[in-house]
Amino acid sequence: MAPILEMRGITKTFPGVKALDDVNLTVQHGEIHAICGENGAGKSTLMKVLSGVYPHGSYQGDIIFDGKVKAFRGIRDSEHAGIIIIHQELALVPLLSIAENIFLGNEISRFGVIDWDQVFARTEKLLAQVGLSESPATLIKDLGVGKQQLVEIAKALSKKVRLLILDEPTASLNERDSQALLDLLLAFKAEGMTSIMISHKLNEISRVADSITVLRDGSTVSTLDATNGVSEDRIISDMVGRQLDDRYPPRHPNIGETLFEVKDWNAYHHLNTQRRIVKDVSFNVRKGEIVGIAGLMGAGRTELAMSIFGRSYGRNVSGEAFIHGKPVDVSTITRAIDAGLAYVTEDRKQYGLLLEDDIRQNVSLANLPEIAKNGVIDTERERTVAEDYRTSLRIRSSDIFHKTLNLSGGNQQKVVLSKWLFSDPELLILDEPTRGIDVGAKFEIYSIIERLASEGKGILMISSEMPELLGMCDRIYVMNEGRFVAELARGEATQESIMRAIIRTAGRDAA
Amino acid sequence: MSIKTFDAKSDASREEDSGSSLGYFKNHLREYGMLVALVAIVLFFAIYSALTGRPTFVSASNLTNLFLQNSYVIIMAIGMLMIIITGNIDLSVGSVVGFVGAFGAVLMVLYDLPVPLAVLICLCVGAAIGAVQGYFVAYLRIPSFIVTLAGMLVFRGLTFMALGSSSSISPIPPSLRALSTGTIPDFLPAFDLANSTTLILAAVVALAFLVFGIGKRGRKAGLGNVHEPSAFFFGRMAIVALAILYMGYLMSTNRGLPNVLILMALLIAIYAFVTTRTTIGRRVYAVGGNEKAAKLSGVKTERIVFLAFVNMGVLAAVAGLVFFARVGSATAKNGTGLELDVIAACFIGGASAYGGVGKVTGAVIGAFIMGALNMGMQSAMQLSIDYQQLVKGLVLLAAVSFDVYNRNKA
């Protein structure tokens, strides 16, 4: 029988980046097809091409669905053909009922008047199909994440689904809910439904998948037949198999005594206070050392960093912090800054910059008292300071009066770094310091980091790009599902060892 | 690659900056646009009244009245601007004006408290009002629109209660009246003028303006940081200096410099300095520009918003006293609807409804535009209140649309 879906030679470029490069994907009727790859390998982009989020014409290559070449102009087109995607971030309206959510945008109505009897009757049936015993009138906000996921699936079923795509369906589920979801997928398969599942969790993949396509750097690396089982090592090496070249400045570590230490750090989700996001984390950073935190998205790395930096994330944060061996109070952002901490956020536009203001105003923001006397800003001193950083970090702009909104990503990041360097920290926490920055500028950022470390500052670096961690760090902690699951010295850290540490511990403790 | 094109572009725009005065003016249209609009409005009414044979619009008494009539709007626009910069709004100021006026009247007239003491108490009441509202907005995170809408009702209600059975309290003590309608004394009864002190003051201010302006440009030039073309700069300096002198002359032929103008000028100068030159001013803009980024940079964002409301409360109390002194009696209707004039002045003056953007001088010019429109339509054109409302509404919409259009174009 011909495959239900064939994607041939899909290439998708964004300005300056080739997100997908000649990707091929073949999905057979009635199978569960898993797609694996690191963060940024192109999995989500591929699914967006398939579902019409990126419309026909914005990519090269062909989508052949049910034997016909398709040109989807939007999600409506692909849904009409029976391709339904369930995103990692659930798209449900919390204050509407299950029934209203399932038929949202697709209401059963005559002349615009909704036929509630039919809506509820059909919802009952759909809920029975996914094994959810809740009243259709229950509000989404009153359901747990696992049940919400089931509502999403019921919503997909209501649209006559032929190919169901699940993007990291178990990422936010606990062990029991994950198992139930996987069982449901297998049940659907027995009834002949085809699905695509994107997942990091190799144990889940090997349990349900019939075939596996591995993506790396926007290209198809391999398609494996998994009906008779496949070795996890093979998948891992396909996922990460990439050579490190000279993309990092030479590292001359000059590591001193312990600078910063955290013991038994815990933090709970800021809304769902029952959910522990950071679990008993302890670590240390020494003077002049670059320490990395590796992990997948959602592992809790940013939450850890922000909860340490003045409790800017989370509830019921607990644990002890030490600087130079002495207990230190980091319970507000001001105290954390005074203690010598700086946090460079992963999202510089949302959390890092005053985009409408110029370089000068951004640089001085975290340390205004330093350029002021009795609360009056010494504008000349402020200019000198900004000018110094512009020169030493090589921020490319006509002058320091340039709006940061109009700077490139790399230069924006240098402005954020300048701001924190001016606050004269001892420990810099860098969260995804090179996200959205092109390769040339990345090297400059790496050089700055290297220089800061050799000047004796401690660096704690969070990154989802493993090569970056391996290229820069003296020591790497691996974080998974809120815990530190491994600590690897420079010599023993490899992409394989990190990935292995993550996968061995995936789904280990039901939250 | 991208860096090269970017540099080329910014260099080009810079050349344009220092190239022609016209090009510079175009780039800074928003800054000067409203000043030009104000001048255009005044000219329009002047020509209109000349053509229709009505008394001249640009007269000494009109000028004095323009300041007197709008003083309380301007005083509050300064405070409102800081609230708007933080991304909030205060709808209660009109009611606070009414309440503080009534409260002050009760203290001064019914209880015969000395005026300075009563004024001090009123300012403290204003601060307390601001603190309560600010607490709800900043710390309890209740949207300012709702908190101050509630405040608008509450303080109007309290105004009625303060006045009790009397529908109005008067007369006001003479020393307070001097604040709103008095003028500075004539120290040098020389010249053939009503008030020569005013003329001398105007000359001093104009000179100081020139000296400081040129000095600042000189310092900037020393740092290689001058964008403004010299023709434009000297033209601007000359026009402003002449305008100050002319206004001083006009007022000196009438009754002299109103006391309230001195108060206003002081407040404008202080707040212009605070917003542009102090750390707290910088933090106010940072909170409005990107609250999350400001917070993560160690700015105590809640405290800034709280203080902005306290400040607004104090300025509303000042305005309440000026209003009371000007009207001459405290009634329950004092200050009704004033909040809308104040908010409109800020937006006409270039403040952004999204926060983070706005200037004290802009808000003041915005208030004068509204005031000049009011006065012109009333005295020069003798339009009825319905037309006045209509025109003011359209001016507000036009000013903000122009702003948004400009921003999207950039």
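Order of the sequence lines fixes the chain letters, A, B, ..., with proteins taken first and strands second; residue numbering starts at 1 for each chain.
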What part of [X] is in contact with chain B, defined as an atom under 4.5 angstrom from a non-hydrogen atom: side chain, backbone, both or neither?
X: A/Leu353; answer: backbone
X: A/Ser364; answer: side chain
X: A/Lys373; answer: neither

Let's test your reading of the structure: which of [options] forms the most heavy-atom pairs below 4.5 Å with chain B?
options: A/Asp338, A/Val376, A/Asn362; answer: A/Val376
options: A/Glu382, A/Lys349, A/Arg348; answer: A/Glu382
options: A/Ile371, A/Thr334, A/Thr332; answer: A/Thr334

Are any side-chain N or O atoms of B/Asn290 and backbone N or O atoms of A/Gln350, one a donor and one an acceptor, separated by less than 3.5 Å?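 Yes.
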Using 0.5 Å steps for rounding, measure from the OG1 atom of A/Thr345 to the NZ atom of B/Lys292.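 Going from the OG1 atom of A/Thr345 to the NZ atom of B/Lys292 covers 10.0 Å.
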Just verifying a value: how many Å separate A/Glu356 CD and B/Tyr285 OH, rounded to the nearest 0.5 Å?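 A/Glu356 atom CD to B/Tyr285 atom OH measures 13.0 Å (nearest 0.5 Å).
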Should the heavy atoms of other residues, nucleotides or ligands under 6.0 Å from [atom1] of [X] be counted, would the total exceed 12?
X: B/Tyr135; atom1: OH; value: no
X: A/Arg451; atom1: CZ; value: yes
X: B/Phe209; atom1: CZ; value: yes
X: A/Phe422; atom1: CZ; value: yes

Heavy atoms under 4.5 Å from chain A: which residues of residues 272-282 of chain B carry them?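 From residues 272-282 of chain B, the residues near chain A are B/Phe273, B/Arg277, B/Thr278, B/Thr279, B/Arg282.
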Residues of residues 294-303 of chain B with any heavy atom under 4.5 Å of a heavy atom in chain A: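 Heavy-atom contacts from residues 294-303 of chain B to chain A are B/Ala294, B/Lys295, B/Leu296, B/Ser297, B/Gly298, B/Val299, B/Lys300.
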Quick check: closest heavy atoms across B/Ala293 and A/Lys419, and the distance to 0.1 Å?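 Here B/Ala293 and A/Lys419 meet closest at O-NZ, 4.4 Å.
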